[in-house]
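These notes are about the structure you will find just below.
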Amino acid sequence: MIDAGYVRTMARYNAWQNRQLTEMLTGVPDEDLRKDRGAFFGSIMATLNHILWGDTIWMSRFDADLPPPSVPPEQHKEFTPTFAVWSAERFRMDGTIRLWGDRLDTVALKGDLSWHSSTLQQDFEMPLETCVVHLFTHQAHHRGQVHAMMTAAGLTAPVTDIVFMPKDD
């Protein structure tokens, strides 16, 4: 399905996308970031927090040395209290994902991952590679919602095409 090279490329892409969002949303008033824009999670900030919370829970499943999110699932939209805190935590998580990807080998991706979902109160087991693909598609899906909200709000939205990712990112 995937190999370690895919993971490293997608980790770079994720970090590049989040850097662009950070640059473009820095200075946007908090009330604009928290305004309900009719998206699935309501606001830009709630959606950004959802992505970060999701990345945190998945990375804690992929690497037992990483802690799970500090807030329960029902509070994920308030995972970070401010855009500045989100920016710092996002930068940290993007580095965590890249370092994890750099250590990963293709053979490890072929194993299974077992975890308990506290949201669904259910145990799961599936191929790690499927879960890793989910991590990256989940990010891209919800960043697309942020992109749409930014565009609708008259803000400049980032370039999202992976083919235009700078080689040195």
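All heavy atoms count here, side chains included; hydrogens, waters and symmetry mates do not. One-based numbering along the sequence shown.
Between Arg34 and Asp30 there is a salt bridge, since at least one side-chain N of the basic residue sits less than 4.0 Å from a carboxylate O of the acidic one. Between Arg98 and Asp102, no side-chain nitrogen of the basic residue sits less than 4.0 Å from a carboxylate oxygen of the acidic one, so the salt-bridge criterion is not met.
Note on Met150: it clusters hydrophobically with Val159, by side-chain heavy-atom contacts below 4.5 Å among ILVMFWY residues. Hydrophobic clustering of Ile, Leu, Val, Met, Phe, Trp and Tyr side chains at less than 4.5 Å, counting indirect connections, keeps Ile57 apart from Leu99. In the hydrophobic clustering of this structure, Val132 groups with Trp53; members are Ile, Leu, Val, Met, Phe, Trp, Tyr whose side-chain heavy atoms approach within less than 4.5 Å, directly or through other members. Cluster membership check: Trp16 does not share its hydrophobic cluster with Ile51, using side-chain heavy-atom separations under 4.5 Å among Ile, Leu, Val, Met, Phe, Trp and Tyr. Tracing side-chain contacts under 4.5 Å through hydrophobic residues (I, L, V, M, F, W, Y), one reaches Val146 starting from Ile162; they form part of the same cluster.
Closest approach of Arg143 to Leu21, counting heavy atoms only: CD-CD1, 3.7 Å. Tyr13 and Asp161 get closest at one heavy-atom pair: CE1-C, 4.4 Å. Of all heavy-atom pairs between Arg61 and His116, the closest is NH2-O, 4.1 Å. In terms of heavy atoms, Thr82 sits closest to Met45 at O-CE, 3.7 Å. Contact between Trp86 and Leu52 at its shortest, heavy atoms only, is CD1-CD2, 3.7 Å. A pairwise comparison of heavy atoms in Met24 and Ala157 identifies SD-C, 3.5 Å as the closest pair.
In this structure, the separation between OG1 on Thr22 and CZ on Arg90 is 8.5 Å, given to the nearest 0.5 Å. With rounding to the nearest 0.5 angstrom, the CD1 atom of Ile44 is 6.0 Å from the CG atom of Leu155. If you take CE on Met165 and CG on Asp168, they are separated by 10.0 Å, rounding to the nearest 0.5 Å. Summarising the geometry, atom CG belonging to Leu25 is positioned 11.0 Å from atom CD belonging to Gln20; distances are rounded to the nearest 0.5 Å. With values rounded to the nearest 0.5 angstrom, Asp63 atom CG is found 11.5 Å from Ile97 atom CD1. Atoms CD and NZ, on Glu129 and Lys110 in that order, are 3.5 Å from each other to the nearest 0.5 Å.
For Phe41 and His76, the ring centers sit closer than 6.0 Å to each other. Aromatic ring centres of His142 and His147 lie farther apart than the 6.0 Å criterion allows.
A donor atom on one side chain and an acceptor atom on the other are not found under 3.5 Å apart for Glu78 and Asn49. With hydrogens and angles left out, the side-chain atoms of His141 and His134 include no donor and acceptor closer than 3.5 Å. No donor-acceptor contact under 3.5 angstrom links the side chains of Asp36 and Ser43, judged on distance only.
Side-chain contact between Pro127 and Leu113: absent, with no pair of heavy atoms (C-beta onward) separated by less than 4.5 Å. Within the 4.5 Å cutoff, side-chain heavy atoms of Trp115 are placed close to those of Met126. Contact check for Val133 versus Tyr6: side-chain heavy atoms found under the 4.5 Å cut-off. Annotation: side chain of Phe83 is in contact with side chain of Thr26 (closest heavy-atom distance under 4.5 Å). You'll find the side chain of Ser60 stays beyond 4.5 Å of the side chain of Pro67, heavy atoms only. When side chains are defined from C-beta on, Thr47 does not count as touching Phe40, because their heavy atoms never get closer than 4.5 Å.
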Exercise for the section: Go through the steps for Arg8 and Asp3 under the test salt bridge (Lys or Arg N to Asp or Glu O under 4.0 Å), then give the verdict. Expected result: CA-CA 9 Å; Arg8 286 188 273 284; Asp3 64 12; over 6 Å; no
Notebook entry, point to check: Can you check side chain to side chain contact (heavy atoms under 4.5 Å, CB included) on Phe79 and Thr56, steps first, answer last?
Noted result: CA-CA 10 Å; Phe79 188 44; Thr56 305; 3.7 Å; yes
Run the side chain to side chain contact (heavy atoms under 4.5 Å, CB included) test on Phe136 and Asp55 for me, step by step, so that the C-alpha distance in whole Å, both residues' side-chain angles and the decisive distance to 0.1 Å come before the verdict. CA-CA 9 Å; Phe136 294 122; Asp55 288 355; over 6 Å; no
message: Go through it in stages, so that I can follow the logic: the residues are Phe124 and Ser114, the test is side chain to side chain contact (heavy atoms under 4.5 Å, CB included), and I'd like the CA-CA distance, side-chain angles, deciding distance and then a yes or no.
response: CA-CA 6 Å; Phe124 290 90; Ser114 299; over 6 Å; no
Legend entry - Criterion side chain to side chain contact (heavy atoms under 4.5 Å, CB included) on Thr160 and Gln17, from CA distance to verdict: CA-CA 7 Å; Thr160 59; Gln17 288 299 289; 3.3 Å; yes
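Taking the six-membered ring where the residue is Trp, Trp100 and Phe62 present parallel rings, their angle staying beneath 30° rather than reaching 60°.
Between the side chain of Arg12 and the main chain of Pro166, a donor-acceptor pair closer than 3.5 Å is present. Looking only at distances, no side-chain donor or acceptor of Asn14 sits under 3.5 Å from a matching main-chain atom of Met10.
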